[in-house]
Amino acid sequence: MKFAVVVFPGSNCDHDAYHAARHVLGQDAVFVWHKETSLQGADAVILPGGFSHGDYLRTGAIARFSPVMNTVTAFARGGGPVLGICNGFQILLEAGLLPGAMLRNKDLKFHCEHVHLRVEQTDTPFTLRAPVGQTLRIPIAHGEGNYFAEPDVLRDLEASRRVVFRYCDTSGIATPGSNPNGAVNNIAGICNEGRNVVGLMPHPERACEPALGSADGLVLFESVVSALAAQASLP
Amino acid sequence: MKARVFVTLKPSVLDPQGRTIADALHSMGYTGVGDVRQGKYFELDVDAPSADQTRAVAAEVADKLLANPVIESYRIEVDG
Amino acid sequence: MKARVFVTLKPSVLDPQGRTIADALHSMGYTGVGDVRQGKYFELDVDAPSADQTRAVAAEVADKLLANPVIESYRIEVDG
Amino acid sequence: MSAHDSAVLERHGLKPDEYDRIVQALGREPSLTELGIFSVMWSEHCSYKSSRIHLKKLPTRGPRVLQGPGENAGAVDIGGGLAAVFKIESHNHPSFIEPYQGAATGVGGIIRDIFTMGARPIALLNSLRFGPMDGATGARTRRTVEGVVAGIAGYGNSIGIPTIGGEIAFEDCYAGNPLVNVMCLGIARSDALVKGNAGGVGNPVYYVGARTGRDGIHGATMASAEFDDRSAEKRPAVQVGDPFMEKLLLEACLELMKGDALIGVQDMGAAGLTCATSEMGARGGCGIEIDVQHVPQRETGMTPYEIMLSESQERMLLVVKRGREAEVEAIFQKWDLHAARIGSVTETGLLQVKSRGETVAEIPNAALVDEAPVYDRPTARPRYLDEVHRLDLESLTPVSPQQALGSLLSSPTIASKRWVYRQYDHMVRTNTLVLAGMGAGVVRVKGTPRALAMSTDGNGRYCYLDPRRGAMLALAEAARNVACAGAVPIGATNCLNFGNPEKPDIMWGLVEAIEGLSDACRALDIPITGGNVSLYNETDGRAIFPTPVIGVVGLIEDASCALGRSFRAAGSEIVLLGASVGRGDAEPKGRAASAGLGGSEYLKILHGLIAGDVPHLDLEAERALLALLAKATAGRLLLSAHDCSDGGLAVTLAESAFDSGGIGCLVDLPAEGAMGEWDVLADLFGEAGGRVVVSVAAGSLGPLMDLAAECGVPARRVGRTGGDRIAVTVGGRAAIDWKLADAERLWSEALAQYFARPAA
Ligand SMILES: Nc1ncnc2c1ncn2[C@@H]1O[C@H](COP(=O)(O)OP(=O)(O)O)[C@@H](O)[C@H]1O
Ligand SMILES: [Mg+2]
């Protein structure tokens, strides 16, 4: 299968996502410049981490106007799997493909460290290979990952089981102490109603090889490969 | 003409920056300062013939780009 | 009373944020918007008996904490 | 006498005899613009006029050196057709004025030096010095630390280069003069290193990046008679960094460098356009003609003087091949950058500056770059040295080892730096093999089996007591650190932070340090490929300690052999490599003890003393130790390795247990004869070089001991990992017995606690 890694000006985890898809997973992967309008026939789209447009104004605020976002939106509406990682998640929020918004981390500091995530939902293309409740050890690296949504939106997210990842402690319990940024309900990642668009603040692409300290992030990429293979084998 | 756009977090949104500043001020002895809210402030040079048109452009720009309606609201002032 | 503090970069200090926003607006077709400058905006609830005293507290707080005198300047408005 | 009165010369920092040399070089009186150009190029910062003759003493050659000092950065061969390109630079003064922006623009500057060489930057490090975190200046220091750390993070994180290492120390002398040194390393194809040369008469000269403003125009040149009264306030002394702009420049330049349209490139750092044009012209032996009218400007009404001297950030100067303009412009266009053609290469050897066609400056490039004044400044051994070497331990009351360890672990210099490195994205680019805080920074080189380890080290306290040996110790420590990670040191860069060189005692320290560094580099076979000199680090006449900071780069042939500092398994054997105890040598008791504790963190923290002889160093032994570590790591004999430095053996043992997931240790150090209290303290807290604590699986103990004997390195099994305590005895007598979790909590929270204090 083929991954499209979208490159915005200021993306800086684009090479990392590409490396994970291509060299660790052994799948096909292409970079798509933000001014392009074709996804080059990709089966899945990754909006990578970084600081698109310097994160000036607001994270993801300017990137969502890039020409490629119309294509990504159409791809998402058509059910294509889209993964937004960190800045990619922020862009999905700004673009309205996912609900809510990001605030500064509650201590106003950038945090780069490994955290634990509990997989809450496995009926998304990016989590179907992970058992519910599995705890993943994956790094975060962000200054604005404090997820916020109005109470009614939040109720809806929870009721429709669209919180995909929650920050938790080593034993899988979502505690205040395991919440690195103040995100409401310890939310680390969510999906859309169609469940094909997933955004998360932690960086699974940084946790795909034991040499880097964890390979727990690999399951997200393996899941989408499986999801697409399953889809392809349908009549 | 010059338009000024003030973007603030909606009252329902917790403002971590404002909170931190308020805490710092209290610990510095400024107990008379209660709530602090931090927002953004933009000055736009708009090439428009009237104050009304300047305001209209600024409002469009604020709606589309400068403010995120999920968490923020804005106010506009136009010079002259 | 409410004090509003506007903190802006001094005129000749580079404002990368403002420039990036202006560039974005231009590529979105807002060619009538020229220069954009971005600053910070604070609302303080000050427990002081008069507008003058509110302003004085706000100025002190701006000097000490809200503005970085090396690159920024500020302006204060007091309600009422 | 001259066209410019003495006040003008003074404001430009030019001495009367320097002015005469300018007149001689030009064969006429300079215009004010020309004077400005000379003043920045002949400034200490650009010309190295006080240090140049001494820097020549540094060994800069070696079989791996592809580029020594003289270009934007040095480069060493790392095999597989690749080069590691690296350099360190200071941004001390700007960081004191505005900590966030000062540090951020320092990072931006060093990154540009690396990618101008055609290398993709893959790692950042730093070395920071601040005043004490408490006391009268504590609040200001804490604000400075917060700003500097946030600035380094803000720039590095945004541009996407991991900050993988560094060091921070706190000392009174830096209260009015913090040090911010930043290092960057990149990878290039060794046959495609790009130089800062101009060449090819008629080739176009391009300007790319941020528009020029009045920021950063040399302070000394500010309020000259030609300017109106308000110009000073229009000109901020501090620049604001724009990492987004630099990210675009980085990607665009690297894309351009893949082709062959480029002749040479240089960033506009110190002395801006002036330095870039004249240095590129001088290196290429040609002339450059520009018209400042074509320079993109951010402010209106800028004079040629201002444009030539502006130090606005994120700007590059390029010379490209004639006929390839469209191709070059298209690449920059893709990245939303505008490449402005501002002039061309000439055969004259002159820097010709025009403004709307009219010549405003015309100076031989060689006069600016190669013929700058060079001084052999007088030196004198400072008198304070006689005082500080006296150390009478008998007049002090010894502190119990356990209490001393607690004080050291919670002192800001030794405490965990997690509060700092958590703010740095140290994992972006997915190469980081040894996470921040776990020893030397280690990044793999994708597409090869290799990895690079790097470390920055300095020790102002040692250099204050003995600049020569202090500089040697700094190099040895940096080398040892990369060796502990499994690497062979292959090159070094240095940043020499000193006070006013016009003072003979400061100059003496500078020369001593350079000579010491040279000797150590020769002895350990580590060439210096570049560096930076930062002088005049003084506030109110008080100079900082002499502070050479060394960055060493090491090569790991098999990335999977990379090691961290922490124990990995309970029940492994702990071995001390190198001389067995803190005294380091076998001098008679008593004197030995004082020698062992001289200059130590123990003396400073527990007794408020900076005194004594600096720690022992034996370069031959150090060399043998490096060789042993290389063989032992390549043979996968070791589970962890951590060198003894600040705080001595006791702190090294504790740190080996920290971040291990709760693996304690049981250690017994050998006693020699009757041990007095001071002997025990010296063994535990003395900082003699050349020692490393390693842990090995039981089965590897024999092979390691054999290898050590073969390499001529003393090695002694001193204990075993395991349990939940740090327990150390000396000659069987209890010295330290502490619950690991308690010690680790103290160490890991100490620094953060300072920042939880009120802002005030
Ligand atoms: N302490 C030093 N040791 C060796 N080389 C040095 C030292 N300081 C400066 N250099 C070399 O002198 C040259 C000019 O340095 P510098 O002016 O700092 O470069 P830049 O123009 O990039 O700021 C560089 O090649 C640098 O490596
Ligand atoms: Mg340079």
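In the text below, chain A, chain B and the rest are named by the order of the sequence lines, each starting its count at 1. The figures here come from the full heavy-atom set of this structure, side chains too, leaving out hydrogens, waters and symmetry mates.
Within the 4.5 angstrom heavy-atom criterion, atoms from both the backbone and the side chain of Ile21(B) approach chain C. Interface remark: Thr31(C) contributes no atoms to any contact with chain B (heavy atom separation under 4.5 Å). For Phe42(C), the parts sitting under 4.5 Å from any heavy atom of chain B are the backbone and the side chain alike. Heavy atoms of Thr54(B) lying under 4.5 Å from chain C are absent altogether.
Of the listed residues Gly34(C), Gly39(C), Gly32(C), Ala24(C), the one with more heavy-atom pairs under 4.5 angstrom with chain B than any other is Gly39(C). Counting heavy-atom pairs closer than 4.5 Å to chain B, the top residue among Val57(C), Val5(C), Leu66(C), Val36(C) is Val36(C). In terms of heavy-atom pairs under 4.5 Å with chain B, the best-connected choice from Asp35(C), Val7(C), Val33(C) is Asp35(C).
For the side-chain contact (heavy atoms from CB on, under 4.5 Å) with Tyr30(C), the lone residue among Leu44(B), Asp47(B), Val46(B), Val61(B) that qualifies is Val61(B).
With values rounded to the nearest 0.5 angstrom, Lys64(B) atom NZ is found 5.5 Å from Met28(C) atom CE.
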task = Check the pair Gln38(B) / Lys40(C) against side-chain contact (heavy atoms from CB on, under 4.5 Å), numbers first and verdict last.
result = CA-CA 7 Å; Gln38(B) 175 163 352; Lys40(C) 291 178 205 146; 3.6 Å; yes

inquiry  = Would Arg4(C) and Tyr41(B) count as a side-chain contact (heavy atoms from CB on, under 4.5 Å) here? Give the steps.
reply    = CA-CA 11 Å; Arg4(C) 280 190 292 274; Tyr41(B) 167 62; over 6 Å; no

